[in-house]
K.L.:
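Got a structure for you, questions after.
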Amino acid sequence: MQINTRATIRPTLAVILMDNDHTSIADVKLPGNQGKEVRLRGWIYRTRGSNRMLFIVLRDSTDIIQCVGSRDDLGEVVFDTARALNIESSISVHGKLNQDSRAPGGYELHLSAVEPVSPAERFPITKDQSEEFLRDNRHLWLRSRKMNAVLKVRSTVTGAIHDFFRSRGYYEFTPPILTPNAAEGGSTLFEVKYYDRKIYMTQTWQLYAEAAIFSLERIYDVSPTFRAEKSKTSRHLSEFWMAEMEAAWMGYREAIEVANQEIKFIIARVLERNRSELEILEADASRLEPLLSREWPVITYTEALEILKEKKMEVTWGKDLRTIEEEALMENFDTPVTVIQYPKEAMAFYKPVEENANAPGPVAKCFDMLAPEGYGEIIGGSERDTDISSISKALEKEGEKVENYDWYLDLRRYGSVQHSGYGVGVERLIAWICKLENIKDAIPFPRTLTRVTP
RNA sequence: GCCGCAGUAGCUUAGUUGGCUAGAGCGUACGGCUGUUAACCGUAAGGUCGCCGGUUCGAAUCCGCCCUGCGGCGCCA
C-alpha cells in the first residue's frame, strides 16, 4: 500500500524514506494515512498496559506515536514478549493507523506485530531527575524530546548562518584551532602540550580572519572556541561555538547592520522550520515573531548610562557594563539592543577610537548586541584598528609583547584597509531562541570548569 | 579569585529544641487489572545519611576540617 509522504527539508527523513519497508512517524501522521497498514521502527519511549492491553509510545527521530496492542490481536507469545520490553528497546512494529482522541497526539497504531530489534537493559533515566543527573547521562539524555528539539534547532541555526553569509558573497574561512599566543589576555587560554613546547587552544579567529580578508574580502566561520575563564554560571561554557564574520572595506556601523540582518535571518529560519520543536521546548514562537518586522535599537554606552541612572544605578563613565547593569538596561527593551562606543580604556587593543563621538572620554568603534529576556550578550564586535603605533601602545598597556604580534602588524604594513567583524555566541543565541534556563543544554556535550564527561 | 546553597536507596526526596528498627514516591522483581496518558492496586528487595575527626549516655541532626557539585559576582560570546 502506498503511504503519503512529503518532500521535506529534514535530512534524517530522507534517509528513512529510502527504506521501502519502514515509514517515519512524522510521515505516517500526515493527513490521508488513516486506516493504512504501516511498518514503523524506533525506540520505546513509554510503556503502559494491563494483562490484556499494551500501550507502547514509540519514538524515532521525527516524532512519537502511541501503539496499542491486545493479547487477542498479537497472540500470547508476542504480547508477553512485547509487554516485557524495557524503555529504549529498539523495535520494529506493524499495524493499522487510526485517529483516536484517546491517544497523545491524536493518532495511534493498532499493532498486528511487534519485533524486538535489540531489547534494552533498565534505562537509567526515569521520572524525577535532577539537571545534574541528566548531564551525567547526557549520552542517553540526547534521546529525550527536549534534547532532540534543541539539537534540531541548533542544526537550523548553524545551517542558517552558512546560508546567510554564502548568499551574500562571503566565503567560509577556517582558522587554526591551535595558536601560539593570545588574542586578548593570556590568562583565559587552555594550554596544550605541542611536541616539546606549549601552545594554546584558540579563543577567537579574529587575528587570522584579519589576515584572510586581504585575500577573500568577506569571510565567515562557525567554529569552536575555548576559554579557560573560571566562570560558573548558566551563561558560560569552556568550549563553545562562535559564528564570526570579518569584512574588508567595512566600518563598524555597517557590521551592526549585517549582524541585525543575520540574527533576524536565523530567527526567521527557525520559525519556518522548527515550530513543533519550539512548542516542545515551551519557547513560545510569539516571543520571536514580532521581532522580525521591527527595528532593533542601537544606543551608545553613554546613553546606556543615562538609562541606568534613571533606574538609580550609577555607573562611573569608563567602566565596562556588568551583568546586573546589562540586565537592568534590557528591562527597557523587548528586542535585541546594540550598545556602541564603549570607553576605549576598557576595550581590547585592536578596537580603534571613534573620533566623532559625543562622549565624556575616548570611545571605541565597537558594539555588543544584548538579547532580551535576560540572555545577555550574544554578539561582540568592532572595527579593527589599522594604526600600528596606537595598536602597539595598547598592547604594551595590556602587558603584551608587541613582537608576538609582528605578523598581525604586517597586515597594516601592506595595503591596509578599513575592516570590521563580530562574533555570535552560538549557544547563547540558541539558549535564547529555545528559552533554555542553562546554556549547557544548548550544546550536546557541555564542557565547563568542572565537567568534561560524558 | 570572592560570596551563597547543597550532598540521605539506582533516581527525586522527607526527616533540627539531638532520642525507638531513617520514612515516602518513581524505578526494579513478582502478582493483579480490556483504553492507558511519565496509569492504577498489592507484595518484596534496595541505605557505610559525602569523608575524617570532635561534643554527647546517644548524631542524618550540633561543632571543626576536607571532598564533590550547583548557582551568583568578576570576566566574557
Side-chain angles (χ1 to χ4, degrees), chain A residues 44-57 64-73 79 83-84 86-87 98 100-106 108 110 121-137 140-141 144-145 183-185 187-189 203-206 222-244 259 319-327 342 346-348 367-371 375-381 422-432 437-440 442-443 448-451:
Chain A
I44 296 178
Y45 184 66
R46 300 277 184 266
T47 58
R48 296 177 283 270
S50 68
N51 196 28
R52 301 229 150 260
M53 296 292 288
L54 169 70
F55 299 90
I56 293 174
V57 179
I64 61 173
I65 191 169
Q66 175 166 285
C67 306
V68 197
S70 67
R71 190 177 282 279
D72 292 342
D73 291 345
F79 184 89
R83 183 101 170 79
N86 283 331
I87 283 174
N98 282 320
D100 194 312
S101 58
R102 291 172 295 187
E108 65 181 17
H110 281 258
E121 295 176 23
R122 185 186 68 77
F123 200 60
I125 299 173
T126 61
K127 189 181 166 183
D128 296 331
Q129 317 89 343
S130 61
E131 292 297 306
E132 196 46 31
F133 180 77
L134 295 177
R135 283 178 204 136
D136 286 340
N137 291 282
L140 301 175
W141 186 237
S144 67
R145 297 204 89 195
E184 13 185 332
S187 62
T188 63
L189 289 162
Q203 63 174 3
T204 172
W205 83 325
Q206 186 192 319
V222 185
S223 64
T225 299
F226 306 88
R227 301 264 168 101
E229 294 158 359
K230 296 192 172 173
S231 306
K232 290 179 283 187
T233 80
S234 55
R235 299 182 310 279
H236 288 86
L237 293 165
S238 299
E239 175 186 286
F240 64 97
W241 289 67
M242 276 230 274
E244 296 159 289
K319 292 204 162 188
D320 205 350
L321 294 180
R322 297 176 302 165
T323 306
I324 1 164
E325 284 129 21
E326 286 182 354
E327 279 173 7
Y342 285 80
M347 294 292 114
F367 63 98
D368 281 353
M369 187 188 286
L370 307 176
Y375 283 90
E377 189 179 337
I378 53 170
I379 292 181
Y422 63 83
V424 178
V426 172
E427 285 76 17
R428 285 191 181 173
L429 177 61
I430 292 168
W432 168 45
E437 280 180 16
N438 198 310
I439 197 168
K440 297 181 186 78
I443 190 167
T448 68
L449 185 58
T450 52
R451 176 177 292 285

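First the proteins, then the strands, lettered A, B, ... as listed; each starts at 1.
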K.L.:
Check side-chain contact (heavy atoms from CB on, under 4.5 Å) between A:Thr225 and all other residues, then give those that pass, not counting sequence neighbours.
P.N.:
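With sequence neighbours excluded, A:Thr225 shows a side-chain contact (heavy atoms from CB on, under 4.5 Å) to A:Gln203, A:Arg227, A:Phe240, A:Met242, given in chain and number order.
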
K.L.:
Main chain of A:Asn86, side chain of A:Arg122: is a donor-acceptor contact present, judged purely on distance under 3.5 Å?
P.N.:
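Side chain of A:Arg122 to backbone of A:Asn86: no pair is present.
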
K.L.:
Go through RNA chain B and write down every stem, that is, every run of at least three consecutive Watson-Crick or G-U wobble pairs with distances under 3.5 Å, as range with range.
P.N.:
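Detected stem regions: B:1-7 with B:67-73, B:10-13 with B:23-26, B:28-32 with B:40-44, B:52-54 with B:62-64.
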
K.L.:
Using a heavy-atom cut-off of 4.0 Å across all strands, would you classify A:Glu427 as base, sugar-phosphate, or nothing?
P.N.:
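Here A:Glu427 touches no strand at all.
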
K.L.:
So does A:Thr225 get a side-chain nitrogen or oxygen closer than 4.0 Å to the phosphate oxygens (OP1/OP2) of B:A77?
P.N.:
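For A:Thr225, the contact criterion (side-chain N or O under 4.0 Å from OP1 or OP2 of B:A77) is not met.
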
K.L.:
Starting at atom CZ of A:Arg227, determine the distance to atom C1' of B:G74, rounded to an integer number of angstrom.
P.N.:
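Distance check: A:Arg227 CZ to B:G74 C1' gives 15 Å.
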
K.L.:
Is A:Asn438 near enough to B:C70 that one of its side-chain N or O atoms lies under 4.0 angstrom from OP1 or OP2?
P.N.:
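For A:Asn438, the contact criterion (side-chain N or O under 4.0 Å from OP1 or OP2 of B:C70) is not met.
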
K.L.:
Excluding sequence neighbours, so at least two apart, what forms side-chain contact (heavy atoms from CB on, under 4.5 Å) with A:Thr448?
P.N.:
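Here the qualifying residues are A:Leu237, A:Lys440, A:Thr450, A:Arg451.
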
K.L.:
To the nearest Å, give me how far apart OH (A:Tyr342) and P (B:C76) are.
P.N.:
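Taking OH of A:Tyr342 and P of B:C76, I get 10 Å after rounding.
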
K.L.:
For A:Ser70 versus A:Met53, what's the shortest heavy-atom pair and its separation?
P.N.:
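That closest heavy-atom pairing would be CB-SD, 3.9 Å.
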
K.L.:
Side chain of A:His236: nearest nucleotide among B:C76, B:C70, B:U12?
P.N.:
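Ranking B:C76, B:C70, B:U12 by closest atom to the A:His236 side chain puts B:C76 first.
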
K.L.:
Round to a whole Å and report the spacing from CD of A:Glu131 to P of B:U12.
P.N.:
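So the two atoms are 11 Å apart, to the nearest Å.
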
K.L.:
Of all the nucleotides listed (B:G74, B:U36, B:A38), which has the minimum atom distance to the side chain of A:Arg102?
P.N.:
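Per side-chain heavy atoms of A:Arg102, the pick is B:U36.
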
K.L.:
Summarise protein proximity over nucleotides 27-34 of chain B in one line of letters, 5' to 3': B for base, S for sugar-phosphate only, - for none, counting protein heavy atoms closer than 4.0 Å.
P.N.:
SS----BB

K.L.:
How far does the P atom of B:A9 sit from the matching atom of B:A14, given to the nearest Å?
P.N.:
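Each nucleotide's P atom is 12 Å from the other's.
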
K.L.:
Can you tell me whether the side chain of A:Arg428 and the base of B:C76 have a donor-acceptor pair closer than 3.5 Å?
P.N.:
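Side chain to base: pair present.
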
K.L.:
Between B:C65 and B:C5, how far is it from one P atom to the other, in whole Å?
P.N.:
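Between the two P atoms, the distance is 15 Å.
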
K.L.:
Do A:Arg102 and A:Val68 have side chains that get closer than 4.5 Å, going by heavy atoms?
P.N.:
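Result no, sub-4.5 Å side-chain heavy-atom pair not found.
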
K.L.:
Scan side-chain atoms only and decide if A:Glu244 and A:Thr204 contain a donor-acceptor pair under the 3.5 Å cut-off.
P.N.:
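Indeed, the side chains of A:Glu244 and A:Thr204 share at least one donor-acceptor pair under 3.5 Å.
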
K.L.:
Round to a whole Å and report the spacing from CG of A:Leu449 to P of B:G71.
P.N.:
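Rounded to the whole Å, the gap is 11 Å.
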
K.L.:
With a 3.5 Å distance limit and no angle check, can you tell me whether A:Arg428 reaches the backbone of A:His236 through a side-chain donor-acceptor pair?
P.N.:
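Answer holds: no.
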
K.L.:
Quote, to the nearest angstrom, the P distance that separates B:G69 from B:G53.
P.N.:
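Nearest-Å result for B:G69 against B:G53 at atom P: 23 Å.
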
K.L.:
For A:Phe55 and B:G35, do the ring centres fall under 5.5 Å apart while the planes stay under 30° apart?
P.N.:
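No; by the centre-distance and plane-angle rule, A:Phe55 does not count as stacking on B:G35.
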
K.L.:
In whole angstrom, give me the gap between the C1' atoms of B:U48 and B:A60.
P.N.:
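After rounding to an integer number of Å, I get 13 Å for this pair.
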
K.L.:
Examine B:G71: is either OP1 or OP2 under 4.0 Å from a nitrogen or oxygen in the side chain of A:Lys440? Give yes or no.
P.N.:
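Looking at the OP1 and OP2 atoms of B:G71, one of them is under 4.0 Å from a side-chain N or O of A:Lys440.
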
K.L.:
Base, sugar-phosphate, or nothing for A:Ile379, non-hydrogen atoms under 4.0 angstrom?
P.N.:
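Here A:Ile379 touches the backbone only, sparing every base.
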
K.L.:
Starting from P on B:G7, measure out to CZ on A:Phe133 and report it in whole angstrom.
P.N.:
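Distance, rounded to whole Å: 18 Å.
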
K.L.:
Considering every strand and a 4.0 Å limit on heavy-atom distances, what is the contact class for A:Asp100: base, sugar-phosphate, or nothing?
P.N.:
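Since a base atom lies under 4.0 Å of A:Asp100, the category is base.
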
K.L.:
It should be established whether A:Lys232 places a side-chain nitrogen or oxygen under 4.0 Å from OP1 or OP2 of nucleotide B:G71.
P.N.:
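For A:Lys232, the contact criterion (side-chain N or O under 4.0 Å from OP1 or OP2 of B:G71) is not met.
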
K.L.:
Does A:Ser231 put a side-chain nitrogen or oxygen below 4.0 Å from OP1 or OP2 of B:C73?
P.N.:
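So the side-chain polar atoms of A:Ser231 never come under 4.0 Å of the phosphate oxygens OP1 or OP2 of B:C73.
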
K.L.:
Please name the pair of heavy atoms, one in A:Asn98 and one in A:His110, separated by the smallest distance, quoted to 0.1 Å.
P.N.:
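So the two residues come closest at ND2-CD2, 3.2 Å.
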
K.L.:
Expressed as a whole number of Å, how far does the C1' atom of B:C51 sit from that of B:G7?
P.N.:
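Pairwise C1' distance, B:C51 against B:G7, rounds to 11 Å.
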
K.L.:
Apply side-chain contact (heavy atoms from CB on, under 4.5 Å) to A:Ile125 and list each qualifying residue two or more places apart in sequence or on a separate chain.
P.N.:
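A:Ile125 satisfies side-chain contact (heavy atoms from CB on, under 4.5 Å) with A:Phe123, A:Gln129, A:Phe133, A:Leu134, A:Asn137, A:Leu140, A:Trp141 once adjacent residues are dropped.
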
K.L.:
When rounded to the nearest Å, what value does the distance between P atoms of B:G10 and B:G47 take?
P.N.:
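Those two atoms are separated by 7 Å.
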
K.L.:
Over all strands shown, is A:Glu108 touching base, sugar-phosphate only, or nothing at heavy-atom distances under 4.0 angstrom?
P.N.:
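Base contact.
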
K.L.:
Would you measure the distance from the P atom in B:G54 across to the matching atom in B:G27 and give it in whole Å?
P.N.:
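It comes out at 43 Å once rounded to the nearest Å.
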
K.L.:
When the C1' atoms of B:G58 and B:C70 are compared, how many Å lie between them, rounded to an integer?
P.N.:
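The same atom, C1', in both gives a distance of 34 Å.
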
K.L.:
A:Phe226 has an atom CZ; how far is it from atom P of B:C75, in whole Å?
P.N.:
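These atoms are roughly 24 Å apart.
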
K.L.:
Using the test side-chain hydrogen bond (donor to acceptor under 3.5 Å, both in side chains), find all partners of A:Trp432 that sit at least two apart in sequence or belong to another chain.
P.N.:
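For A:Trp432, the residues satisfying side-chain hydrogen bond (donor to acceptor under 3.5 Å, both in side chains) (neighbours in sequence not counted) are A:Glu373.
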
K.L.:
Would you indicate what A:Pro104 reaches in the nucleic acid, counting non-hydrogen atoms under 4.0 angstrom: base, sugar-phosphate, or nothing?
P.N.:
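Base: the residue A:Pro104, judged by heavy atoms under 4.0 Å, touches a nucleobase.
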
K.L.:
Using atom types as modelled and distance alone, determine if a side-chain donor or acceptor of A:Ser231 lies under 3.5 Å from a backbone N or O of A:Thr233.
P.N.:
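No: the side chain of A:Ser231 does not pair with the backbone of A:Thr233.
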
K.L.:
To the nearest Å, how far apart are A:Arg48 CZ and B:C40 P?
P.N.:
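These atoms are roughly 11 Å apart.
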
K.L.:
Want to settle it: does A:Glu327 or A:Val426 sit nearer the 5' end of RNA chain B, counting the closest nucleotide to each?
P.N.:
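Taking each residue's closest nucleotide, the earlier one in sequence belongs to A:Glu327.
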
K.L.:
Between A:Arg135 (CZ) and B:C11 (P), how many Å, whole number?
P.N.:
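The distance from CZ of A:Arg135 to P of B:C11 comes to 16 Å, rounded to the nearest Å.
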
K.L.:
Shortest non-hydrogen contact from A:Ile443 to A:Glu239?
P.N.:
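It is CD1-O, 3.7 Å.
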
K.L.:
Assign each of A:His110 and A:Arg451 to its nearest nucleotide of RNA chain B by heavy atoms, then name whichever residue's nucleotide is nearer the 5' end.
P.N.:
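The residue closer to the strand's 5' end, by nearest nucleotide, is A:His110.
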
